[in-house]
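Read the structure below first, then the notes.
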Amino acid sequence: MRVAFSYLDRQFTEVEAIIADIRGLVASGDYTLGAALSQFEERVAKLVGVRHAIGVNSGTDALMLALQASGVGPGDEVLMAPNTFIATLGAIVATGARPVFVDVDEQHTLDPARLPAAITARTRAIVPVHLWGNPADMHAIGAIAERHRLAVVEDACQALTAAIDGRAVGGFGDAGAFSLHPLKPLNVWGDGGVIVTDSDALAAQVRLRRNHGLRDRDTVELFGVNSRLDTLQAIVGNHLIDRVTAITDKRIEHARRLDAGLAPLREFVRTAPRRQGVRHVYQIYVVRARQRDQLQRFLVERGVEAKIHYPVPLHLQPASRALGYARGDFPACETEADEILTLPAHQDLTEAELDYVVEQVGRFYRR
Ligand SMILES: Cc1ncc(COP(=O)(O)O)c(C=O)c1O
């Protein structure tokens with residue numbers, strides 16, 4: 001049996017209806033900032049429960065523009081955990097600010113207890129990542145940000161429909177960033193991203209910044225970039241957005257099945273404790289495994305596409321050398337990187353495929 005990490009081919013839905021709408025787009029020529037984009041933005045805002053959503057080129061741009069619109073720039077410091085995808089770090093660096101790393105808690109998300117020690121006179125913002133679809137502790141992080149007057153931009157790129165006490169992530173901070181990359185539950189046919197916010201002023205700033213800073217056709221209010229979500233991609237998003245909660249529900253169901261199947265093996269593989277009141281959407285299903293590298297090899301040889309998200313913490317990447325960090329600086333992230341393993345939990349997997357994954361993990365440890 002082969003169990004892949006993702007099944008983009010099984011997601012091949014509504015193609016004819018989408019193509020029909022794209023024909024309409026070609027006939028109208030409404031390619032940039034078109035009506036379908038406004039409709040998509042309204043629907044994302046409603047889904048997240050915020051006043052504004054603004055479509056941009058990618059989740060990375062969503063983070064960068066949200067940070068810039070929050071006033072982050074050269075000379076500022078921005079706090080983040082080093083165990084995320086490079087895009088979180090790249091977006092901060094692109095603003096000209098200095099990223100400052102803070103270690104993670106047992107949920108693998110930014111540890112609020114370690115934040116105060118990292119705050120300096122230059123600190124301007126915090127970027128908590130809802131890693132793998134698991135919400136960071138936004139209540140504690142929000143309280144610290146308020147006390148120190150820091151902006152909070154949530155990296156919710158992996159976490160659409162994740163929530164804390166029934167409130168969707170993305171809506172806790174000054175702004176939140178989502179990715180519409182094909183591997184995400186709400187995907188487009190290529191790259192895309194969305195910024196969400198309750199702030200009218202921040203939304204207006206982001207709208208300016210994604211479109212060259214143009215207030216109107218001939219007036220440049222500030223220097224921005226070209227980062228508009230294409231109308232064509234918004235058409236795709238409009239067709240798929242109604243499915244996103246069902247998709248994440250399915251991922252949660254799959255995670256529960258894996259949890260239950262792996263429970264007898266908890267001496268060898270364990271998941272982070274599941275928190276009350278938190279909706280973790282399992283964009284990525286991660287366990288901590290003994291003999292991780294051998295287990296990964298064993299699974300891959302048996303057709304299970306087990307991966308590592310992410311094997312090298314960002315403070316140890318070659319590109320981060322100039323930031324001056326060294327091994328040993330963030331022990332929780334470093335230990336985690338040696339132990340974590342991602343098992344397939346995609347929404348389109350069958351129960352038989354999930355059970356095969358569990359069976360193979362069991363075989364490895366019982367050899
Ligand atoms: C945690 C995280 N942040 C940011 C991004 C960037 O999103 P995009 O690929 O849409 O630029 C991703 C994408 O995978 C991500 O996983």
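In listed order, ligands and their atoms are each counted from 1. For the single chain, residues carry numbers from 1 onward in sequence order.
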Quiz item: What heavy-atom pair brings I247 and P185 nearest, and what distance separates the two atoms?
Solution: CD1-O, 3.5 Å
Practice problem: Taking all non-hydrogen atoms of both residues into account, name the closest pair between A69 and V206 and its distance. | Solution: CB-CG2, 3.6 Å
[atom]: the protein heavy-atom neighbour that sits closest, reported with distance to 0.1 Å:
{"atom": "atom 16 (O) of ligand 1", "answer": "Q158 NE2, 2.8 Å"}
{"atom": "atom 5 (C) of ligand 1", "answer": "A87 CB, 3.5 Å"}
{"atom": "atom 12 (C) of ligand 1", "answer": "F85 CD2, 3.6 Å"}
{"atom": "atom 9 (O) of ligand 1", "answer": "S179 OG, 4.0 Å"}
{"atom": "atom 13 (C) of ligand 1", "answer": "K184 NZ, 3.2 Å"}
{"atom": "atom 11 (O) of ligand 1", "answer": "T60 OG1, 2.5 Å"}

Practice problem: Apply side chain to side chain donor-acceptor pair (under 3.5 Å) to R279 and T248, showing your working. | Solution: CA-CA 10 Å; R279 178 178 156 93; T248 47; 2.8 Å; yes
Exercise. Check each heavy atom of T84 against ligand 1 and say whether those closer than 4.0 Å belong to the side chain, the backbone, both or neither.
Key: side chain
Quiz item: Parallel, tilted or perpendicular: which fits the ring planes of Y325 and F101, with parallel below 30° and perpendicular above 60°?
Solution: tilted
Exercise. Determine, considering heavy atoms only, which of N83, I86, D155 sits nearest to atom 2 (C) of ligand 1.
Key: D155
Quiz item: Taking distance alone, with no angle check, do L63 and ligand 1 share an N/O pair under 3.5 Å?
Solution: no
Quiz item: Against heavy atoms of G192, which atoms of ligand 1 measure under 4.0 Å?
Solution: 10 (O)
Quiz item: Hey, which atoms in ligand 1 end up nearer than 4.0 Å to a heavy atom of T88?
Solution: 3 (N)
Quiz item: Are F5 and H309 an aromatic pair by the rule of ring centers under 6.0 Å?
Solution: yes
Quiz item: Any chance the rings of Y282 and H254 have centres within less than 6.0 Å?
Solution: no
Quiz item: Is any side-chain heavy atom of N134 less than 4.5 Å from a side-chain heavy atom of Q158?
Solution: no
Quiz item: Picking from E154, H280, Q283, what satisfies side chain to side chain donor-acceptor pair (under 3.5 Å) with H130?
Solution: E154
